[in-house]
Undergrad: 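Can you read through this structure? Questions will come right after.
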Amino acid sequence: MPELPEVETVRQGLERRVLGRRISAIRVLRPGTVRGQPASWMEGRRVASFHRKGKTLIMELSGEGSRPRADLIVRLGMTGRLVLNPREAPLLPHTHACISLDDGREELRYCDPRRFGMLRLSTPQETEQMLHSLGPDALEVTESEFTGRMGKRHGAIKGWLLNQQVLSGLGNIYADEALFAARVHPQTPAGKVSKAARRALYRAVRNVLRRAIALQGTTFRDYIDIEGRPGKFMSRLQVYGRAGQPCRRCNNTVQRIVICGRSSHFCPSCQRRPRKTAFSL
DNA sequence: GCAAGCCTGACC
DNA sequence: GGTCAGGCTTGC
């Protein structure tokens, strides 16, 4: 599932292979795939930059002559892929759009079996609005903003970490891994996480994301980068997907429960439930 | 039938 | 406003 490290890996690949190239044509194979402005808006423009905020990728397209700048906003959702292929390579099933580059011998293809992802072609102002609705990027946020945003919220810390309006970039895998690293029980109300644990969680989030980026992300099922390579972080997972297996730290059994409708993996002895005493803060 | 991310909407 | 359930989609 593409979370911050996977999207960053895709962004870096695009920067290496697509930056500065001209979009010669776009073929939309599934109507409605590109929302916002008409897809033909992209044609003839150059790719000026690739940015990322949380899990959202922004491909900035140059203005040409009297045409203003435009942005292609990419959300990979759960099974979305962007892959760079030679024109003659066979299409993966569920390929919804192909963006031809330069002379058309190579194209960037968007494929998404579950269709939870989206492409949106927007004006710079629309992009700004969209990014404004996202919380700070999980790698850019400062410690004081991170701990401050936890505030006195009553919801489970797990849900807080997944809320993209509060903090952007974490999905189920890295939320569980960060909570394990910080030894915080996923059901702890966000506002009840102690000062020391907030600091530990802040560091754990950054640490797990940085390490995952260094290994090109996690391929649990579908994720691959633009050159078709899977991530290499799976062997580093401590709790995600390891329910019933021994904790790598204490040998107790990793558990799986549902919090906010999402599966949560944790070690009940490394991550204790908060005690409800006056001194628990 | 379950999993995922995220949007919508119901409820306090 | 905060919180969370429900629904979307499809391969396993």
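Just so we're on the same page: letters track the sequence lines, and every chain starts at 1. Since the model is a prediction, treat every value here as computed from it, not as a measurement.
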Undergrad: Distance check needed: B:dC6 P versus A:Asn172 CG, whole Å only.
TA: 11 Å
Undergrad: Can you name the nearest heavy-atom pair linking A:Thr56 to A:Met130, along with the distance?
TA: CG2-CE, 3.7 Å
Undergrad: In terms of side-chain heavy atoms of A:His94, which of C:dC8, B:dC6, C:dG11 is nearest?
TA: C:dG11
Undergrad: Look at A:His154 and C:dC4 and indicate whether a side-chain polar atom (N or O) is within less than 4.0 Å of OP1 or OP2.
TA: no
Undergrad: Looking at every strand, decide which applies to A:Tyr240 at a 4.0 Å heavy-atom threshold: base, sugar-phosphate, or nothing.
TA: sugar-phosphate
Undergrad: Would you mind reading off the distance between A:Met78 atom CE and C:dC8 atom P, rounded to a whole angstrom?
TA: 16 Å
Undergrad: Would A:Asp102 and A:Arg21 pass as an ion pair if we require N to O under 4.0 Å?
TA: yes
Undergrad: So for A:Arg114 and C:dT10, does any side-chain atom that can act as donor or acceptor lie under 3.5 Å from a complementary atom in the base?
TA: yes
Undergrad: Would you mind reading off the distance between A:Ile73 atom CD1 and B:dC7 atom P, rounded to a whole angstrom?
TA: 12 Å
Undergrad: Name the orientation class of the two ring planes belonging to A:Tyr174 and A:Phe233 (parallel below 30°, tilted from 30 to 60°, perpendicular beyond 60°).
TA: tilted
Undergrad: If only side-chain N and O atoms count, and only distance matters, is there a donor-acceptor pair under 3.5 Å linking A:Ser122 with A:Thr127?
TA: yes
Undergrad: What is the distance, rounded to the nearest whole Å, between atom CG of A:Leu162 and atom P of C:dC4?
TA: 11 Å
Undergrad: Report the distance from atom NZ of A:Lys158 to atom P of C:dA5, rounded to the nearest whole Å.
TA: 13 Å
Undergrad: Between A:Arg149 (CZ) and C:dG2 (P), how many Å, whole number?
TA: 10 Å
Undergrad: Considering every strand and a 4.0 Å limit on heavy-atom distances, what is the contact class for A:Ser263: base, sugar-phosphate, or nothing?
TA: sugar-phosphate
Undergrad: What nucleotide, of C:dT3, C:dC4, C:dT9, holds the atom closest to the side chain of A:Arg153?
TA: C:dT3
Undergrad: Can you measure A:Arg115 atom CZ to B:dC7 atom P for me and round it to whole angstrom units?
TA: 17 Å
Undergrad: With respect to the phosphate group of B:dC7, does any side-chain polar atom (N or O) of A:Arg75 fall under 4.0 Å of OP1 or OP2?
TA: yes
Undergrad: Is A:Glu64 paired with A:Arg46 through a side-chain N to carboxylate O contact shorter than 4.0 Å?
TA: no
Undergrad: Is the phosphate of B:dC6, meaning OP1 or OP2, less than 4.0 Å from a side-chain N or O of A:Lys55?
TA: yes
Undergrad: C:dG2 C1' sits how many Å from A:Lys192 NZ, rounded?
TA: 16 Å
